[in-house]
Each structure stands twice: as C-alpha cells, then as structure tokens.
2 protein chains.
Amino acid sequence: MAEPAEPGRAPLRRDAELNRRRLLAAAREVFRDRGLAATLDDVARHAGLGVGTAYRHFANKEELVDAVFEDMIDRVEACAREAVADPDPWHGLAASLEKVCELQAHDRGLREVMLGTGKAAQRRALVDRRIKPLVDPLIDRAKEQGALRADVEPLDLPMIQLMVGAVTDQTGEPDLWRRYLRILLDGMRTRPDGTEPLPPGPKSHPL
Amino acid sequence: MAEPAEPGRAPLRRDAELNRRRLLAAAREVFRDRGLAATLDDVARHAGLGVGTAYRHFANKEELVDAVFEDMIDRVEACAREAVADPDPWHGLAASLEKVCELQAHDRGLREVMLGTGKAAQRRALVDRRIKPLVDPLIDRAKEQGALRADVEPLDLPMIQLMVGAVTDQTGEPDLWRRYLRILLDGMRTRPDGTEPLPPGPKSHPL
DNA sequence: TGGCAAACGGAGATGCTATCTCCGCTTCTC
DNA sequence: GAGAAGCGGAGATAGCATCTCCGTTTGCCA
C-alpha cells in the first residue's frame, strides 16, 4: 500500500532501490571531491556497482547531476534563510555570504554548478530564483541601516561568490577564501571618509 | 653576415621566416580570443598555412605558447614599471593592479597563463619573479603612507588578479572587472573606523 | 522450492577530438 | 635549372567519455 520510494515510478525491486540510493550517495561524494567532470563510470565504481547499473538508473550523467543537485538547492536556501533571520541587516548579509561561500568551499561540484557555464548556469539560475527574494530585501535594509554602500546591487552578490569560488578552485586551500571575502565585504561597507562611486555593474544576469 | 632572425638558429629561407612570423602573429590573436586550448591546427589555419608548416616551426603547442608568452611578460612588466614610478604609493599600487587587470581582461590567453594550473602556473611564476621585486616595495610604501591596511601581504596581489580574472572569464563582459577591482581596492584601504584583522593569507605561493 | 522476470556487471562498440607524421608537390636559392 | 628547403593537409595514432549488449546473478511470488 505504502510507496517506499518516490511516487510516479514503478516500485523497484529491493536490491535495485538500494543500489539507486548507493548511486546517489556515491555521486554526491564524487561530485563534491572531483567536480561534475567525473564520469558515470567513476560514480558507479565508487558505489561498488557496475556501469551498466548506473545507466539503468540514470539515462545519462545530466540526469544524475540533476538528482544530486536537488539537495544542493535545499542546503543553499537553508543558509540564506538562517542568515536572513538576523536582526542586524549588515551582519545578516555578511553571514549569508559567508555561509554560501563555505558550502561552496567544501564542494567542488557545487562550485561548478554555482559558477559554471552551460547546463550549470541554468541550474544556478534556479537557485537564484529561490534565493534572490530572500536576500534582496536584506540588501535594502542594510543600505537603510547605513552599513552597505548605496551603489551595491543584488547582482553583485553572485559575483562575489564567483570570485571567492575562484580562490578555492585555484589554490585548493580550504580556508583561504575567508580572507578575500573579508576584503570584499570591507569594500562594500560604507566608509566614513566616503568613496568614489563604483563602476557600472552587470548588464543583465552576469553568469 | 648579419643574422636577420634570432641567433642560434640556422637562417631560414625567406618564405620560411615570413611564415614563422605569421604563425606567431596568428597565435597571439588566437590565444587572445580563444584561450590556450586552441589547437596548433587552429593557429595554422588562422595564419593561412597548413598544419604541417606549424609543426615544422614549433615542435608542439607548448613551444608556441612559450614563444608567444615572451611578449606577455614584457607587457606585464612594463605595466608594473609604469605604475611603480607613481609618486603616490597607494595610487601607484592601485594603478598597477588596474593595468595588469586590464591586460588580462583583453586577453584570454594571458588570463589562462596568469591564473591557470599546470604549465601555466610555471609560466606565471616567471612573471612573478620579475614583477614581485618591483611591487613589493610599493606595498611597503603604501603601508607607511597609511593608505594600505597593514595586514595586506604581497601574495594578496596575485589573488586579486585571480578573482578579477574570474569575473571576466565567466561573464565575458569586458569592463565589469573594474567594479569588483574597485571593491577589492576599497577593502584593502585602511579605514578611519578600523577593521577586524584579515583571516590568514596564502600559506605559500597560492597558484 | 522452483522458475521467471528484474537487475547486474563490465568488456567493448561508438564517437569525438587533439596531436603529430608523412610524403608528394611547390617554391626558393644559387 | 637543379637541388635543397619548405609546404600542405589527409590521415594515422592515441586518449577518453558515453552508452550498449548480453551472459550471469538475484530477488520475488506462487
């Protein structure tokens, strides 16, 4: 009567269902450590299964990436919500960026989804649609508070992520990003001594 | 008697010498526009020559990249020297970064050499060895001047370039980098209201 | 428990792309 | 004008990722 697996799919044999989960778990690890360029063969081996099995469950790699990516969206959104709840807008904004950057720093696959081109860009757009409504008001509040310089725009935030992600990608140092995020945050705070206005921001969506 | 071409190489037939130059010029353009991933075949076609000719002049792509890269070093160093001559240390430092970032922004091949891994990293190290002695004193002077925050380190500069390069790479917008370089520079200036100290910098050379 | 459908495994077919070679033909040079 | 130097570009070679096929194993239910 009950459906142990997702609905809309004919129920799998017990071993098949187990293997499906194994594949998803393996994919999460492999994508996290080696990025989206990993092959389905890699994932299958890491799950202790044959390639054929992988291809029975997922028609191709994209499908598997999509499946894994569901998780990522939730984790990213959770970060944003948590940070948005902060009563101090500036602190909330900074914390929000820090959270997301931290997620990215530990997960190469996530970085590639958040910063990449092609399919990755479409996925990233999906996150944006869920995150933007949460974070945009935070930006306004931080400006009213006088902490965030007035010429910062919402689209600057993904660019910050991009830059910070590049640091981790290139160096492999797991915590170095914190230093440069701090510099960027300090650069976005209003200064008592004023600043020249920022050069123009992204024309449309930057990624 | 005179050697019209570089010394140390048996003189080439006139047409061969011309083709060699054509190849170098084509390589500069192709690498600039399409990055180092372009093939020797691409370069040859762009030069209006056959692949065979390309391989007679350069044993492989690496050799060609090295040849083209000589130019790049000189241009980058020229930037640095020009900016170092600035009497105002902070302004000189900022201008120096801006110059290099501008070069990078117009040249995908240069970006890949400056920011890439593998062979590219070794080449980039070569630039560093020539640039660092010029720029390091500038950092010290800018700190003494009180404009640059004291916890900035020399190795932060290549990281800035990295981040700024990532902006251009991802967006393709040719001037967007200016905005984020400005934010980074503002983040590196000392603030009248003080700042928390920066998280630790790169352990060794970051790239 | 027997038997059959479902699922598995993994070698290898397929397709793609980049690197580099080879040799008949062309162009310079003396 | 003859011999050497250089050219062109088809195609050999190699590497790699995707996905298929089918003989074998496993779970399921009567």
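In what follows, chains are A, B, ... by sequence order, proteins preceding strands, each numbered from 1. Everything quoted here is computed from the prediction, not taken from an experiment.
Take the nearest nucleotide of DNA chain C for N60(B) and for V51(A): the residue whose nucleotide is more 5' is V51(A).
Contact check on R189(A) versus D186(B) returns no salt bridge, with no Lys/Arg side-chain nitrogen under 4.0 Å from an Asp/Glu carboxylate oxygen. Ion pairing of D66(A) with K119(A) is absent here, as no side-chain N (NZ or NE/NH1/NH2) approaches a carboxylate O to less than 4.0 Å. Salt-bridge formation is not detected for the pair R182(A)/D151(B): no Lys NZ or Arg NE/NH1/NH2 atom is positioned less than 4.0 Å from an Asp or Glu carboxylate oxygen. Of the charged side-chain nitrogens involved, at least one lies within less than 4.0 Å of a carboxylate oxygen, so that D156(B) and R179(A) count as a salt-bridged pair.
Phosphate proximity of dG8(D) to T53(B): present, with a side-chain N or O under 4.0 Å from OP1 or OP2. Of the side-chain N and O atoms in H57(B), one or more sit less than 4.0 angstrom from OP1 or OP2 of dC7(D).
Regarding F58(B), its CZ atom lies at a distance of 14 Å from the P atom of dG6(D), rounded to whole Å. Atom CG in D15(B) sits roughly 6 Å away from atom P in dT29(C) (whole-Å rounding). Atom CG of L12(A) and atom C1' of dA5(C) are 14 Å apart (whole Å). As a whole-Å value, the separation of R14(B) CZ from dT29(C) P is 5 Å. Taking atom CG of L23(B) as the reference point, atom C1' of dC7(D) lies 11 Å away to the nearest angstrom. Taking atom CG of residue N19(B) and atom P of nucleotide dT27(C), one finds them 12 Å apart after rounding to whole Å. R56(B) places its CZ atom 16 Å from the P atom of dA4(D), with the value rounded to the nearest Å. In this structure, the NZ atom of K61(A) is 9 Å from the P atom of dC19(D), given to the nearest Å.
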inquiry  = Pair E17(B), R13(B) - check salt bridge (charged side-chain N to carboxylate O under 4.0 Å, His left out), show working.
reply    = CA-CA 6 Å; E17(B) 181 61 35; R13(B) 224 168 67 176; over 6 Å; no
message = side chain to side chain donor-acceptor pair (under 3.5 Å), that's the test. Do Y55(A) and N60(A) meet it? Break it down for me.
response = CA-CA 7 Å; Y55(A) 278 94; N60(A) 49 53; over 6 Å; no
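In the region residues 28-45 of chain A, proximity to DNA chain D at under 4.0 angstrom, judged on heavy atoms, holds for T39(A), L40(A), D41(A).
The two residues R75(A) and D107(A) have their closest heavy-atom pair at NH2-OD2, 3.4 Å.
Each of dA7(C), dG6(D), dT19(C) was ranked by its minimum atom distance to the side chain of Y55(B); first place goes to dT19(C). The side chain of R13(A) lies closest to dA5(C) when the candidates are dG8(D), dA5(C), dT19(C).
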